[in-house]
Amino acid sequence: MDLSKLNEVQRLATTTIDGPVVVVAGAGSGKTNVLTHRVAYLVSLGIPSHNILAITFTNKAAQEMKERVETLIGPSKAWISTFHSMCVKILRRHSSLLGIDPTFNIIDDTDQQSIVRKIIKEYSLDVSISTKAIVSMVMKMKQGTEYELPFTAQEALETIYSQYETYTRVNHLLDFDDLLSKTLELLQTHSMVLRQYQEQFQYILVDEYQDTNDVQNKLVMLLGGAHKNIFLVGDEDQSIYKFRGANFQHLREFEITYPQTKVITLEQNYRSTQTILNAANEVIKNNDTKHPKRLWTARGEGDQIVYFRAVTDGDETLFVASEIERLLMQGTKRDDIAVLYRANALSRRLEESLRHMNIPYVVYGGVGFFRRKEIKDMFAYLKLLIHPQDDWSLLRVINEPKRGIGPSTLDKMQVVASSQSMSLLEVCEQASEWFTGKTARSLSDFYTIIQQLQDSLEEVDLVTLLDMVLEQTGYLTMLQLSGDDGEFRYDNILELKTSLSEYAYEGLTNREVLALILEDLALYTDQEQPSDDVVKLMTMHNAKGLEFSVVFLVAVEEGIFPSYRSETDEEVEEERRLMYVALTRAKDKLYLTNSSVRTQYGQSQMNPASRFIEEMDETLFDRRGKTNYIQASTHIERPMSKINSNATYPLGSKVKHNVFGDGRVVGVDGQFVTVAFQVEHGIKKLIAGHPALSKMEDV
């Protein structure tokens with residue numbers, strides 16, 4: 001067996017055969033090489049391949065491992081699979097012992113939502129929560145989570161949970177959580193089956209063990225309980241999925257269960273420069289880690305980390321976009337560049353800046369800001385206020401949140417509207433003429449909500465109006481009842497408030513302003529999907545397992561990263577692990593950016609730099625925080641002038657911005673001015689005394 005391509009520690013991990021082993025695999029340390037070579041090495045020693053079980057977390061990773069093993073030793077009968085695939089194999093053979101038909105069907109999240117909708121309809125349940133959120137709650141209830149919701153919602157949820165369990169059992173359906181839990185139940189209650197698989201799996205290898213949940217951990221401990229040849233690869237410093245049930249403590253508990261465990265640490269990194277690794281090492285050493293490590297590489301020191309502290313978040317994203325353009329002009333490929341952020345709501349300004357510079361991008365593993373469901377729902381409500389005849393918008397939101405207005409009612413409404421030459425909203429107004437009972441009341445109530453919001457249109461500012469839409473339509477309550485998903489969606493709507501606050505037109509009514517804003521923002525929802533050769537925007541969680549030549553980490557500020565939701569030491573440590581993962585995605589060049597003033601949720605606030613930046617050695621940084629001039633194609637550094645708090649820009653005055661060009665002041669609000677620039681840049685709200693903005697003399 002040729003192990004010459006492995007380093008010394010990798011060879012040790014590959015050839016340490018008997019007994020429990022934990023491999024602490026630092027980021028980019030070649031753990032997949034170790035796993036695949038270990039399987040091949042076991043076979044080369046004469047161990048039948050069908051006696052080997054290798055588990056990883058994704059189908060893609062399992063397929064890659066199979067292919068690499070076959071390249072080394074040819075066709076193999078080793079069980080190389082995900083947890084779920086392994087459980088399906090076992091259950092197909094033995095599920096009848098649990099009263100489950102062996103031909104059971106596996107259902108995905110779409111199927112689960114269909115079942116929930118069926119239950120809601122059958123039992124006439126009054127719920128305003130999305131079916132996706134309900135499914136999430138049901139899955140957590142199956143794992144023991146208890147919810148305390150308002151009485152009617154609580155009662156509905158408990159009914160749905162009970163009927164979901166009954167429906168899936170009667171119809172022999174298993175969801176992904178069932179595959180794990182039913183296999184565990186099988187092994188715990190049928191000793192003959194457990195012994196069969198304990199004898200078969202003489203050697204067990206598990207990747208990414210820090211990401212295992214409690215059920216997965218119990219499965220491994222049961223299956224490996226006889227031979228105890230359990231080989232776990234993981235890194236508690238890369239455990240970032242606690243919200244999914246992952247528990248990195250399983251690695252620590254394993255060593256307590258098996259005190260004779262051999263621990264091998266992979267510290268040589270094959271991905272990043274030493275400067276990037278030094279930053280990651282400096283950050284993660286502040287966590288309470290059982291097996292501290294210090295990543296190193298033979299690649300050399302590499303470039304310093306560029307740290308840019310902007311005056312405003314607008315400056316920050318313009319810096320990122322201009323740097324990306326400069327890198328592209330120097331030959332860097334677009335798909336070698338990634339911009340990472342802590343929360344999805346932070347993508348909006350980045351998307352705008354990249355659009356302004358015509359840089360193709362894609363929101364990886366997510367949806368562009370203006371394409372997100374909750375944003376399009378808010379647009380539809382706002383459009384309906386100024387265009388009551390807009391049937392398209394009404395159809396989008398009349399049952400969002402749920403109001404008991406189903407497809408058959410909508411079909412009848414459209415027939416009435418067509419025959420009477422009316423809009424659908426007018427049908428709602430006269431609902432009692434065409435409908436009866438609860439349906440008529442629901443339609444009439446919807447009309448009343450829209451009418452009341454229309455009456456308030458000119459009485460409040462647009463940010464307040466959006467708050468009223470959220471409150472009076474019941475959309476906010478729906479999000480509040482939707483758990484984590486609702487919280488993330490609410491953050492996006494709050495960011496929409498920031499977008500609305502950046503528009504101001506003198507001499508126009510709110511109706512006219514809103515019409516202009518919605519027309520402008522509509523352009524952002526109608527873009528063609530870019531090709532694969534694009535810059536990647538993604539959350540730091542979605543970046544796990546990926547690597548890029550150039551990485552930008554943006555909005556690295558207290559309250560954002562670490563998140564303001566992280567209050568305990570344990571929660572801050574989870575955020576620090578996320579920072580460690582984010583830093584180690586970069587191969588060659590790394591940027592950290594933040595801003596002194598950030599407009600979030602319609603309000604300007606000042607955030608200090610993240611504590612994670614303070615934890616890094618100053619010598620690692622190329623500081624560019626005193627930058628006041630950015631061109632579209634080049635970045636020029638000059639000493640920064642302080643913000644001039646006495647700067648004034650009268651309404652109608654002509655101004656010039658270093659990036660947006662010539663414009664005219666159309667609004668003044670304290671220290672901020674709203675400027676109308678050329679069509680490609682639109683309306684921008686800026687700090688009046690910002691050094692990038694200057695007054696032009698009228699000719």
Side-chain angles (χ1 to χ4, degrees), residues 95 98-101 104-182 184-185 213-215 243-245 373-374 377 397-410 435-443 445-446 449 471 473-490:
S95 61
L98 299 177
I100 300 172
D101 191 318
F104 62 82
N105 286 311
I106 302 169
I107 55 175
D108 60 17
D109 55 351
T110 303
D111 299 320
Q112 291 173 307
Q113 291 179 43
S114 296
I115 294 170
V116 166
R117 282 193 289 269
K118 175 182 173 64
I119 294 168
I120 290 172
K121 182 177 180 181
E122 183 177 346
Y123 286 84
S124 301
L125 298 176
D126 185 12
V127 294
S128 59
I129 315 172
S130 70
T131 51
K132 180 180 178 181
I134 292 174
V135 168
S136 176
M137 290 180 177
V138 168
M139 294 303 101
K140 289 181 179 178
M141 289 173 73
K142 290 171 69 170
Q143 297 168 12
T145 300
E146 295 182 2
Y147 287 94
E148 292 185 9
L149 305 177
F151 176 73
T152 53
Q154 180 78 35
E155 193 174 40
L157 181 60
E158 290 175 358
T159 299
I160 293 169
Y161 172 74
S162 172
Q163 293 304 313
Y164 175 91
E165 290 284 79
T166 300
Y167 184 89
T168 53
R169 183 178 64 255
V170 169
N171 290 280
H172 305 292
L173 305 176
L174 298 184
D175 56 45
F176 283 94
D177 284 349
D178 290 331
L179 296 177
L180 299 178
S181 62
K182 295 300 182 184
L184 180 60
E185 180 185 347
N213 61 31
D214 291 343
V215 175
F243 64 95
R244 294 181 186 170
K373 179 184 182 303
E374 57 274 15
D377 286 347
V397 296
I398 191 170
N399 205 38
E400 194 66 45
K402 306 298 183 189
R403 299 186 176 91
I405 303 172
S408 59
T409 300
L410 294 176
F435 299 90
T436 59
K438 184 178 179 181
T439 299
R441 289 194 300 274
S442 296
L443 295 176
D445 288 347
F446 180 77
I449 291 169
E471 185 71 36
T473 62
Y475 206 96
L476 178 59
T477 300
M478 176 187 74
L479 295 180
Q480 290 171 335
L481 293 173
S482 299
D484 291 342
D485 179 63
E487 198 168 286
F488 295 140
R489 290 168 62 192
Y490 183 53

Working to the nearest 0.5 Å, report the span between [atom1] of [X] and [atom2] of [Y].
X	Y	atom1	atom2	result
Thr159	Ile119	OG1	CD1	9.5 Å
Asp109	Ser114	CG	OG	10.0 Å
Met137	Tyr161	CE	OH	14.5 Å
Leu157	Leu125	CG	CG	10.0 Å
Glu185	Leu98	CD	CG	5.0 Å
Asn213	Gln143	CG	CD	7.0 Å

Q.
Pairing donors with acceptors under 3.5 angstrom, does anything connect the side chains of Glu374 and Tyr475?
A. no
Could you check whether any side-chain N or O of [X] sits under 3.5 Å from a backbone N or O of [Y], counting only pairs where one atom can act as donor and the other as acceptor?
X	Y	result
Thr166	Ser162	yes
Arg403	Ile398	yes
Asp178	Asp175	yes
Ser136	Lys132	no

Q) Do the charged groups of Asp377 and Lys373 touch, with an N to O distance under 4.0 Å? A) yes
Q. Given Asn105, which of Asp111, Leu173, Thr168 fulfils the side chain to side chain contact (heavy atoms under 4.5 Å, CB included) condition?
A. Leu173
Taking side chain as C-beta onward, heavy atoms only, is [X] less than 4.5 Å from [Y]?
X	Y	result
Lys142	Met139	yes
Thr473	Phe446	no
Asn399	Leu410	no

Give the minimum heavy-atom separation between [X] and [Y], together with the two atoms involved.
X	Y	value
Gln113	Thr131	OE1-OG1, 3.4 Å
Tyr164	Gln112	OH-NE2, 3.1 Å
Phe176	Asp108	CE1-CA, 4.0 Å
His172	Gly99	CE1-O, 4.2 Å

